[in-house]
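Below is one structure, written out as structure tokens; the observations come after it.
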2 protein chains.
Amino acid sequence: MLPLASQRSPKPEDLPSELSGLRLTKQRREVLAVILQERDHPTANDVYLRSQNRMPSISLATVYNCLEALVSHGIVRQVNFEREPSRYCPNLADHCHFQDQNTGKIHDVFFKEGVKLEDFLDLPQGTEISHLEISLKGNIGH
Amino acid sequence: MLPLASQRSPKPEDLPSELSGLRLTKQRREVLAVILQERDHPTANDVYLRSQNRMPSISLATVYNCLEALVSHGIVRQVNFEREPSRYCPNLADHCHFQDQNTGKIHDVFFKEGVKLEDFLDLPQGTEISHLEISLKGNIGH
DNA sequence: AAATAGAATTAGAATTATTCTAAAATATCT
DNA sequence: AGATATTTTAGAATAATTCTAATTCTATTT
Ligand SMILES: [Mn+2]
Ligand SMILES: [Mn+2]
Ligand SMILES: [Zn+2]
Ligand SMILES: [Zn+2]
């Protein structure tokens, strides 16, 4: 995420034409810019609606295609809460997600410094974790 | 889960007529017995197919209704992996789930003795977690 | 036991997030 | 330019789940 860390909300045209081996087409740049702009973990449909501001001709199928391309190249993360529509997160740091049940808003939650999985989970001997998802729900203070 | 802990795979007729404030109808008992029988985290459709052995007339809608009733009364847990169909788990102990990517099988994973959430997560001050789901994917040593 | 009322079951339709298909547009290569 | 590969697009298809409305079952009251 080095090229993206330099700016918080790059405009589409500020994004490079290639990233992590993925060619950034006009639509992919727009989708990525939308996700970087408001880091509120939008759904595919949210991304679609927001993309339409600058690119009214983009299709929902393209948004799905772009999201799939960005996720599979490790440029954005797909975030799931139970059976709700997937959401998308540009924060590549190791973190998990908390949904405030009052507002519905999703917040990034980080691991305590230096914590390893095996420190708190009794994993079967020899397991190699390739994917981890932690989703929390609850309320903030009384 | 006291009444259920006494027997590993009770037949439907061995189950009580009420549990955690939920009346256990014939169908609910069948669904629960199926989930207790093979603890392999079946999907709703798996439960439907297995229920048909002893109860050929049960409908899929009823299976969904029963699962919803059992989950909302805290008798079984709903388990989600990304966007796959929900699975159901009768293990009420605090645990999470690991999916072996070679076999597709799901294994229960327990927390290390005495570990608290705040020990490894940097939660915002004053958050009360009401729901937690941890899903792991990976491979078991070569 | 019959009547009543409430709850649960059922078949089938509806919903909805996501994926697929096939054609048109765009980009890359020779 | 012409050929090839990739991407976008609209619309159809898919599939897990939920909903609707009718029927059946259960528990309670007369
Ligand atoms: Mn993921
Ligand atoms: Mn849950
Ligand atoms: Zn995030
Ligand atoms: Zn489990």
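Please read all numbers here as calculations on a predicted model, not as lab measurements. Order of the sequence lines sets the chain letters (A, B, ...), proteins ahead of strands, with each chain counted from 1.
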Just the rounded figure in Å: distance from [atom2] of [N] to [atom1] of [X].
X        : N       : atom1 : atom2 : result
Glu82(A) : dA16(D) : CD    : P     : 18 Å
Phe81(A) : dA17(C) : CZ    : P     : 17 Å
Glu84(B) : dT17(D) : CD    : C1'   : 16 Å
Tyr48(B) : dT17(D) : OH    : P     : 15 Å
Glu18(A) : dT7(D)  : CD    : P     : 11 Å
His73(B) : dA7(C)  : NE2   : C1'   : 12 Å
Leu49(A) : dA17(C) : CG    : P     : 12 Å
Gln52(A) : dT9(D)  : CD    : P     : 11 Å

### Task
Would you mind telling me which residue lines up with the more 5' stretch of DNA chain D, Lys26(B) or Glu68(B), judged by nearest nucleotide?
Glu68(B)
### Task
For Glu68(B) and Tyr64(B), test the side chains for any donor-to-acceptor distance below 3.5 angstrom and give the result as yes or no.
no
### Message
Testing the 3.5 Å rule here: is there a donor-acceptor pair between the side chains of Asp46(A) and Thr43(A)?
### Response
yes
#### Entry: Contact list for DNA chain D against residues 55-63 of chain A - heavy-atom distance below 4.0 Å
Ser57(A), Ile58(A), Ser59(A), Ala61(A), Thr62(A)
Just the atom pairs and distances: protein N or O near nucleotides 25-27 of chain C's N or O, under 3.5 Å.
{"residue": "dA27(C)", "atom": "O3'", "partner": "Arg23(A)", "partner atom": "NH1", "Å": "3.2"}

### Query
For Thr43(A), which contact category applies under a 4.0 Å heavy-atom criterion: base, sugar-phosphate, or nothing?
nothing
### Message
Categorize Asn45(A) for me: base, sugar-phosphate, or nothing, with a 4.0 angstrom heavy-atom threshold over every strand shown.
### Response
nothing
### Message
Run the ring pair (Phe, Tyr, Trp, His ring centres under 6.0 Å) test against Phe120(A) and tell me which residues pass, sequence neighbours left out.
### Response
Phe120(B)
### Task
Using ring pair (Phe, Tyr, Trp, His ring centres under 6.0 Å) as the criterion, list what pairs up with His97(A), not counting sequence neighbours.
His41(A), His95(A)
Within less than 4.0 Å of OP1 or OP2 of [N], is there a side-chain N or O belonging to [X]?
X        : N       : value
Tyr64(A) : dT19(C) : no
Gln27(B) : dC25(D) : no
Ser86(B) : dA16(D) : no

### Close side-chain approach of Val31(A) to Ile58(A), heavy-atom, < 4.5 Å
yes
### Message
Within the 4.5 Å heavy-atom criterion, are Leu92(B) and Arg77(B) side-chain neighbours or not?
### Response
yes
### Query
With nearest nucleotides of DNA chain C determined for Arg83(B) and Asn65(B) from heavy-atom distances, which residue corresponds to the more 5′ nucleotide?
Asn65(B)
### Message
If the threshold is 4.0 Å, N to carboxylate O, is there a salt bridge linking Arg50(B) and Asp40(B)?
### Response
yes
### Task
List for me each residue that meets side chain to side chain donor-acceptor pair (under 3.5 Å) alongside Ser86(A), sequence neighbours excluded, and say none if there are none.
Gln78(A), Asn80(A), Arg83(B)
Would you list the atom pairs, donor with acceptor, under 3.5 Å between side chains in residues 11-27 of chain B and any protein atom, with sequence neighbours excluded?
{"residue": "Asp14(B)", "atom": "OD2", "partner": "Lys11(B)", "partner atom": "N", "Å": "3.3"}
{"residue": "Thr25(B)", "atom": "OG1", "partner": "Arg28(B)", "partner atom": "N", "Å": "3.2"}

### Query
Around Gln101(A), counting heavy atoms of other residues, nucleotides and ligands shown, do more than 12 lie under 6.0 Å from its CD?
yes
